[in-house]
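Okay, structure first, notes after.
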Amino acid sequence: MIFANLSGGRDSTAMVVRYLELGGKIDYILFCDTHYEFPQMLEYIDKLESYLLEKFNQKITRLRSEEDLLSKWAYEYPITRGEHKGKLRGLPKTLGMDYCTRELKAKPSRDFIKSKSPNAFKNTILIGYTYNEVSNGRTSSLDYGVAKYPLYQWQWNEREVENYLKDKGIANPLYQHFERTGCFCCPKQSKKSLYTLYRFYPKEWEKCKELEAKAKELGCLNTTFKPNLSCVELEMQFKRNPRMDFIETYTEDMVCFCK
């Protein structure tokens with residue numbers, strides 16, 4: 001069977017649409033709803049599904065847990081080994097893959113695919129890594145299927161992806177504000193992205209402050225989205241310098257692993 005991972009970001013969206021346009025077959029297009037998606041992302045997924053149904057008679061399968069798993073792993077499930085055994089994790093780490101990606105994205109996809117087709121050798125998993133990403137060594141080792149990277153095969157990078165989506169009229173409007181998409185509370189966001197969240201998405205920004213406050217109250221291991229800098233402190237900086245001429249630019253270290 002053929003499965004495609006769709007995050008709603010540029011790369012995975014272009015991969016899915018172009019693959020189908022070329023006559024490729026996909027059994028399931030999987031979107032993982034983490035409970036921390038932008039409302040605009042969910043609206044976009046609905047519109048994208050309408051487009052896929054009209055053009056290719058293809059639905060999007062939404063995977064969403066009944067429970068808020070981020071809160072469970074952050075505030076309820078203690079670490080079971082190592083030097084921090086017994087402590088609560090708190091917010092996901094800034095660098096590297098953490099429990100959020102594993103429990104909210106990777107595991108739901110893996111469980112669904114294995115439930116539909118348990119023989120890994122019979123499964124192809126389409127992943128939206130660009131040509132440059134795969135060339136630089138970014139690949140996925142899976143125990144439930146063989147990863148395939150259509151954008152790499154087509155030699156597509158960000159420019160080709162962006163131009164394709166614009167030509168099709170299906171670009172995600174979140175890119176008007178962000179360089180990358182993902183959960184609104186992703187700790188891998190740059191300060192520029194967090195400022196955008198503060199400036200244009202006040203409801204989501206307040207939720208981030210609540211997550212930090214709870215982590216601090218419970219004495220969790222990680223209590224802030226930026227190292228040693230809370231959302232409350234960031235907000236004070238933003239208010240002091242509304243022009244934001246101090247913000248850093250995006251770098252590869254800030255790219256969300258959930259894209």
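Side chains of Cys231 and Phe238 form no contact here, defined as non-hydrogen atoms less than 4.5 Å apart. Side-chain contact between Tyr198 and Gln237: absent, with no pair of heavy atoms (C-beta onward) separated by less than 4.5 Å. At least one side-chain heavy atom of Val161 sits under 4.5 Å from a side-chain heavy atom of Asp11. Side-chain atoms of Lys55 and Leu20, non-hydrogen and from C-beta on, never get closer than 4.5 Å to each other. Between Ser7 and Met41 the shortest side-chain heavy-atom distance does not fall below 4.5 Å. Considering only heavy atoms from C-beta on, Leu197 comes within 4.5 Å of Phe38 through its side chain. Taking 4.5 Å as the limit, every side-chain heavy atom of Leu70 sits out of range of all side-chain heavy atoms of His35. Two residues are said to be in side-chain contact when any heavy atoms from C-beta on lie closer than 4.5 Å; Ile29 and Tyr19 fail this criterion.
Under 4.0 Å is where a charged nitrogen must lie from a carboxylate oxygen, and between Asp143 and Lys114 no such pair does. Using a cut-off of 4.0 Å between Lys/Arg side-chain N and Asp/Glu carboxylate O, Glu212 and Lys209 are scored as not salt-bridged. With respect to the salt-bridge test (charged N to carboxylate O, under 4.0 angstrom), the residues Glu21 and Lys168 qualify. Using a 4.0 Å cut-off between charged nitrogen and carboxylate oxygen, Arg62 and Glu49 count as a salt-bridge pair. With respect to Lys47 and Glu54, no salt bridge is recorded, no charged nitrogen being found less than 4.0 Å from a carboxylate O.
Between the CZ atom of Arg10 and the CG atom of Leu151 there is a distance of 12.0 Å, given to the nearest 0.5 Å. Going from atom SG of Cys100 over to atom NZ of Lys188 covers 5.0 Å, rounded to the nearest 0.5 Å. Atom CG of Asn228 sits about 8.5 Å away from atom OG1 of Thr223, to the nearest 0.5 Å. In this structure, OG1 in Thr61 is found 10.5 Å from CD1 in Ile113, a value given to the nearest 0.5 Å. Rounding to the nearest 0.5 Å gives a distance of 11.5 Å between CZ of Phe225 and OG of Ser193. Distance OG1/Thr101 to NZ/Lys107: 14.5 Å, rounded to 0.5 Å.
Here the side chain of Gln40 pairs no donor or acceptor atom with the backbone of Asn172 at under 3.5 angstrom. Proximity of a side-chain donor or acceptor of Asp33 to a complementary backbone N or O of Arg64 within less than 3.5 Å is not detected. Side chain of Gln58 to backbone of Ile26: a donor-acceptor contact under 3.5 angstrom is found. Between the side chain of Ser135 and the backbone N or O of Asn132, no donor-acceptor pair lies under 3.5 Å. Using a distance-only test at 3.5 Å, with no hydrogens or angles considered, a donor-acceptor pair links the side chain of Tyr75 to the main chain of Leu211.
Nearest heavy-atom pair, Asn222 versus Pro92, reported as atom, atom and distance to 0.1 Å: ND2-O, 3.0 Å.
For Trp154 and Glu160, the side-chain atoms include no donor-acceptor pair closer than 3.5 Å. Side-chain atoms of Ser140 and Tyr129 include a donor-acceptor pair closer than 3.5 Å. A donor and an acceptor atom, one from each side chain of Tyr164 and Thr13, are nowhere located under 3.5 Å apart. Defined by atom type and a distance below 3.5 Å, a donor-acceptor pair is missing between the side-chain atoms of Tyr144 and Asp111.
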Under the salt bridge (charged side-chain N to carboxylate O under 4.0 Å, His left out) rule, what do Lys203 and Glu210 come out as? Steps first, then yes or no, please. CA-CA 11 Å; Lys203 183 178 179 180; Glu210 291 172 10; over 6 Å; no

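A continuous path of Ile, Leu, Val, Met, Phe, Trp and Tyr side chains, each step under 4.5 Å between heavy atoms, connects Leu42 with Leu6, placing both in one hydrophobic cluster. Tyr149 and Val146 fall into different hydrophobic clusters, where Ile, Leu, Val, Met, Phe, Trp and Tyr side chains are chained together by heavy-atom contacts under 4.5 Å. If you chain together hydrophobic residues whose side chains sit under 4.5 Å apart, Leu221 and Leu229 never meet in one group. Phe56 and Leu22 fall within a single hydrophobic cluster, where Ile, Leu, Val, Met, Phe, Trp and Tyr are joined by side-chain heavy atoms under 4.5 Å apart, directly or via other members.
Surrounding CG of Asp167 are more than 12 heavy atoms belonging to other residues, nucleotides or ligands, all under 6.0 Å away.
Ring-centre distance between Tyr201 and Trp205: not below the 6.0 Å cut-off.
Geometrically, Arg18 does not engage Trp156 in a cation-pi contact, judged by NZ or CZ lying under 6.0 Å from the ring centre and within 45° of the ring axis.
The aromatic rings of Trp73 and Tyr99 lie parallel to each other, with less than 30° between the two planes, well short of the 60° mark.
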